[in-house]
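Before any comments, here is the structure.
Throughout, protein chains are lettered first and strands after them, A, B, ... in sequence-line order, and every chain is numbered starting at 1.
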Amino acid sequence: MFFSKMLIPTLREVPSDAEAVSHILMLRAGYIRQLAAGIYIYLPLSLRVFDRIYKILREEMNAIGAQEISLPILHPAEVWQETGRWYEIGDEMFRLKDRTGRDMCLGMTHEEIMTWLAAREIRSYRDLPQVWYQIETKLRDEARPKSGVLRTREFIMKDSYSFDKDEEGLEKIYQLHAEAYKKIFTRCGLKFYMVQSDPGMMGGATSHEFMAPSSAGEDEVILCSSCGYSANIELAKSIPHKPENMDWEFEEIHTPEKRTVQEVSNFLKIKPEYFIKSILVISNNTPILTLVRGDQELHEKKLNRIIGKFRPAHKQEVKEILGVEAGFIGPHNQKIRIIADSCLKEGVFVSGANKQHYHVKGIRPDKDFKAEWHDIHIPKEGELCVECNSPIKIERVIEIGNIFKLGTKYSMPLKAFYLDEKGQEKPLVMGSYGIGPARIAAAAIEQNYDKDGIIWPKSIAPFDVEILPINVNDIKTMEVAEKIYKGLKEKNIDVLMDDRNERAGVKFKDADLIGIPVHIIIGEKNLKEGFVEIKDRKTREVTKVKVEEVLSLF
RNA sequence: CGGGGCGUAGCGCAGCCUGGUUUAGCGCACCUGCCUUGGGAGCAGGGGGUCGGAGGUUCAAAUCCUCUCGCCCCGACCA
């Protein structure tokens, strides 16, 4: 491919509304343009990257026996109504009507449609298992599209769905997917972790996420380097360090106008880790008192899984329900439900006294209050692993894939049944598995760039080699350039030739920006001695090579 | 949806506070010519703007006021 024939609109300056590295570089290097919030145009260079990612996806999916099919993006409402998601999902679903007034929606995922198909076409245990996948567009009306291509409203996803006769079969195909995913991300040149993830409010099911470490990510995971425990921070458990046990007697202390943990801590000269932080929340119109240690924060998602939807109580409500101003509330003598973080189970603490301007010191769990114990704090770096007691690390990550055990959540309502060996009708046991190719590309950039531009992993680069003839008006230069170009193409190497009549600086800058892994630089001076240069984009190492020997290196 | 920021040429920005010396400007990009060819060259000439939109105040609005649309960031959300 010749540079002059390809749409590669590079930008010298950083577009003002881009912040994430991958966003800036994809814009500057001429890979994408933005049409509207969360809606992108993919230019020729990015299509080449995607094609390479798709190829890897197909190879690895086919290798585990998955079959590619293609489902519509436009769906009739009825299918979604049957599983109830038509009603459960809110504004995130794009909805529309056809000309006859029939309700339709744009697919944000394809469990319903795949199950619809399975319900019609799978009848016998002899047909099982089946794994179907597609690489198709999804549409979600995201509340906040962000970070360029990382969170968009329209995006392509590789999604596969497995149908089995039982849990055992599901487990097997789930593991096959996990292995395939590891191969895929490894082949794409990414650093990644497979972590436990929140299966959502549906309960029961297991799920894992594949996470590429990057500061541009929206998620955080905790990692234990000693036993390998890894989980999304939304459900990750951890053990906070235990402070030395104090042998305080129960006593009320006057703490005038001292409300926050920090204020009381300073006032009493007692560290926050000896405090019980009491937070009143309202769930289902019922007040619940939640307790975390003074140096911890309440993890709303974790609490959400225990008590369902909730909101913090208003100041006025605290006074009405507990009879004392927020800031002086505590767990003892409370009659309402109490949920406390496990790290408060042992020890002697300070908390509000349920009396204006007073706190109590020497409060003991179980003796002075009863609670349901759960891990409800936000984990912090350096806390201990629940599995092996080693210090944990926290890293920011981009979610690049997930795998889900669905069970019969979709097969039941959509009546996707099969007949087993005994002629008994049973629901298909399902799993679903997703990968976002655009996120792979963006994560690859986030993990591989320098001040001059992108450094693509070889496997997903838009081209393998870029040839840079410095002076296109020099006949000898062009002769050699074209010879190498042809030779590489014959070897099935994807090569971009910068045939533009531009100054050397412009070509070098653009080549570095675009990030093709290998550059062959053809300059007049070197050529006089029979040499060209081969430059490694990543290491910037340049080697002089005899013109005749170039092709043998590839 | 809450909080913050920003909309002036393709891109990056100045001008706005304090309305009129602005025929709306600068850098880059673009077009023509010369020159140049190893890290985004130089000189000369040139094209490109309903100042996001609507309404209002005023003799006069990019500039002040009201409404509205769009985009970005933080948070909530993310089946």
Side-chain angles (χ1 to χ4, degrees), chain A residues 9-20 23-24 27-30 33-40 80 83-93 105 107-112 138-148 150-153 155 157 159 197-203 205 207 209 216 218-219 232 234 300-301 304 309-312 399 402 404 406 409-410 413 432 434 436 451-453 468-474 477-478 498 500-514 519-528 531-533 535 540 542 544:
Chain A
T10 58
L11 264 24
R12 186 187 296 216
E13 274 165 304
V14 178
S16 62
D17 52 7
E19 206 154 273
H23 190 196
I24 291 172
L27 245 12
R28 282 197 57 210
R33 286 296 182 261
Q34 183 175 12
L35 213 211
I39 304 178
Y40 285 85
W80 288 81
T83 62
R85 286 164 109 189
W86 177 264
Y87 311 103
E88 285 162 30
I89 297 170
D91 293 337
E92 207 174 327
M93 180 184 265
C105 66
M108 42 194 300
T109 173
H110 282 81
E111 280 80 9
E112 273 79 0
K138 307 273 183 268
L139 291 119
R140 294 182 189 173
D141 197 354
E142 290 284 353
R144 183 148 99 86
K146 57 180 284 197
S147 307
L150 281 174
R151 190 173 196 74
T152 55
R153 296 194 290 172
F155 58 97
M157 186 166 154
D159 46 328
S197 75
D198 184 358
M201 303 252 286
M202 310 315 174
S207 69
E209 286 164 325
E218 298 181 83
D219 289 296
N232 191 310
E234 290 180 357
E300 295 185 6
K301 285 243 162 94
N304 187 57
K309 273 200 170 165
F310 73 91
R311 60 169 176 85
E399 181 187 346
N402 54 36
F404 249 96
L406 298 173
K409 179 169 185 269
Y410 297 92
S432 80
K451 66 173 179 29
D452 291 310
L468 290 88
I470 297 301
N471 183 0
V472 295
N473 298 317
D474 179 58
T477 297
M478 291 316 283
D498 192 347
R500 296 174 302 167
N501 186 11
E502 287 285 358
R503 301 174 62 80
V506 174
K507 293 190 178 193
F508 288 138
K509 286 288 181 192
D510 276 346
D512 286 344
L513 233 199
I514 290 164
H519 303 165
I520 300 177
I521 300 154
I522 303 171
E524 286 175 271
K525 278 176 211 148
N526 280 314
L527 211 49
K528 276 193 185 121
F531 287 103
V532 299
E533 288 165 311
K535 178 178 155 190
R540 293 168 177 275
V542 176
K544 276 195 186 183

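Of the candidate nucleotides B:G40, B:U37, B:C77, B:U37 has the atom lying nearest to any side-chain atom of A:Glu524. Here the nucleotide nearest the side chain of A:Ala37, chosen from B:C72, B:C73, B:G39, is B:C72. Between B:G38, B:C73, B:A41, one nucleotide has an atom nearer to the side chain of A:Glu19 than all others, and that is B:C73. When the nucleotides B:A79, B:A41, B:C74 are ranked by their closest atom to the side chain of A:Lys146, B:C74 comes out on top.
Separating the P atom of B:G49 from that of B:G5 is a span of 32 Å, rounded to the nearest Å. Look at the C1' atom in both B:A9 and B:A14: the space between them is 14 Å, to the nearest Å. Nucleotides B:A41 and B:U21, compared at atom P, are 38 Å apart to the nearest Å. Going from the P atom of B:C31 to that of B:G75 covers 43 Å, rounded to whole Å. Using atom P as the reference point in both B:G2 and B:U68, the two lie 12 Å apart (nearest Å). Between B:G40 and B:U22, the two C1' atoms lie 32 Å apart (nearest whole Å). Atom C1' of B:G4 sits at a distance of 29 Å from the matching atom of B:U57, rounded to the whole Å. On the P atoms, B:C35 is 24 Å away from B:G47, given to the nearest whole Å.
Between A:Met93 and A:Trp80, some side-chain heavy-atom pair lies under the 4.5 Å cut-off. Two residues are said to be in side-chain contact when any heavy atoms from C-beta on lie closer than 4.5 Å; A:Leu27 and A:Arg33 meet this criterion. Taking 4.5 Å as the limit, some side-chain heavy atom of A:Thr477 sits within range of a side-chain heavy atom of A:Glu524. Residues A:Ile514 and A:Arg28 are not in side-chain contact: their nearest non-hydrogen atoms beyond the backbone lie 4.5 Å or more apart. When side chains are defined from C-beta on, A:Pro145 counts as touching A:Arg153, because their heavy atoms get closer than 4.5 Å.
In this structure, the NZ atom of A:Lys451 is 13 Å from the C1' atom of B:G40, given to the nearest Å. The CG atom of A:Leu35 sits 10 Å away from the P atom of B:C71 (whole-angstrom rounding). What separates CG of A:Asp498 from P of B:G39 is a distance of 15 Å, to the nearest Å. Per the geometry, CG belonging to A:Asn471 stands 15 Å off P belonging to B:C35, to the nearest Å. B:G39 atom P lies 14 Å from atom CD of A:Glu502, rounded to whole Å. Atom P of nucleotide B:A79 and atom CG of A:Asn402 are separated by 9 Å, given to the nearest angstrom. Rounded to an integer number of Å, the gap from A:Glu399 CD to B:A79 C1' is 12 Å. If you take CG of A:Asp141 and C1' of B:A76, they are 16 Å apart, rounded to a whole angstrom.
Within 4.0 Å (heavy atoms only), A:Asn473 reaches at least one base atom of the nucleic acid. A:Glu300 comes within 4.0 angstrom of nothing in the nucleic acid, heavy atoms only. Among the protein residues, A:Lys507 comes within range of no part of the nucleic acid, since none of its heavy atoms lies under 4.0 Å from any strand. Among the atoms of the strands shown, base atoms are found under 4.0 Å from some heavy atom of A:Ala143. Here A:Ala36 lies in heavy-atom contact (under 4.0 Å) with sugar-phosphate atoms only. Using a 4.0 Å heavy-atom cutoff across all strands shown, A:Gln34 reaches sugar-phosphate atoms only and no base atom. Within 4.0 Å (heavy atoms only), A:Arg33 reaches no atom of the nucleic acid at all. Counting non-hydrogen atoms under 4.0 angstrom, A:Val14 reaches the backbone sugars and phosphates but no base. Here A:Ser147 lies in heavy-atom contact (under 4.0 Å) with sugar-phosphate atoms only. Among the atoms of the strands shown, base atoms are found under 4.0 Å from some heavy atom of A:Asn526.
To the nearest 0.5 angstrom, A:Ile521 atom CD1 is 9.0 Å from A:Asn526 atom CG.
Considering only side-chain N and O atoms, A:Arg144 lies under 4.0 angstrom from the phosphate OP1 or OP2 of B:C74. OP1 or OP2 of B:C13 has at least one side-chain nitrogen or oxygen of A:Ser16 nearer than 4.0 Å. Proximity of A:Arg503 to the phosphate of B:U36: no side-chain N or O atom is located under 4.0 Å from OP1 or OP2.
Look at B:G70: its Watson-Crick or wobble partner, with both distances under 3.5 angstrom, is B:C6. Pair check for B:U57 finds none; no Watson-Crick or G-U wobble contact set falls under 3.5 Å. In a base pair of the Watson-Crick type (N1 to N3 plus N6-O4 or O6-N4) or a G-U wobble (N1-O2 and O6-N3), with each distance short of 3.5 Å, B:U37 is matched with no nucleotide. Of the nucleotides present, B:C11 is the one that pairs with B:G27 by Watson-Crick or G-U wobble criteria, both distances under 3.5 Å. In this entry B:G47 has no Watson-Crick or G-U wobble partner, no candidate having both defining distances under 3.5 Å. Across all strands shown, B:C1 forms a Watson-Crick or G-U wobble pair, both distances under 3.5 Å, with B:G75.
For B:G40, the base has no donor-acceptor partner in the side chain of A:Glu13 [N/O atoms by modelled type, under 3.5 angstrom]. Residue-to-nucleotide contacts include a donor-acceptor pair under 3.5 Å from the side chain of A:Arg28 to the base of B:G40.
Along RNA chain B, the nucleotide nearest to A:Ala504 and the one nearest to A:Tyr40 differ in position, and the one closer to the 5' end is contacted by A:Ala504. Nearest-nucleotide positions on RNA chain B place A:Phe508 closer to the 5' end than the other of A:Phe508 and A:Thr109.
A donor-acceptor pair under 3.5 Å links the side-chain atoms of A:Arg140 to the main chain of A:Met108, judged by distance alone.
Using a cut-off of 4.0 Å between Lys/Arg side-chain N and Asp/Glu carboxylate O, A:Glu533 and A:Lys544 are scored as not salt-bridged.
Considering all non-hydrogen atoms of both residues, A:Asp198 and A:Phe404 come closest at O-CZ, 4.5 Å.
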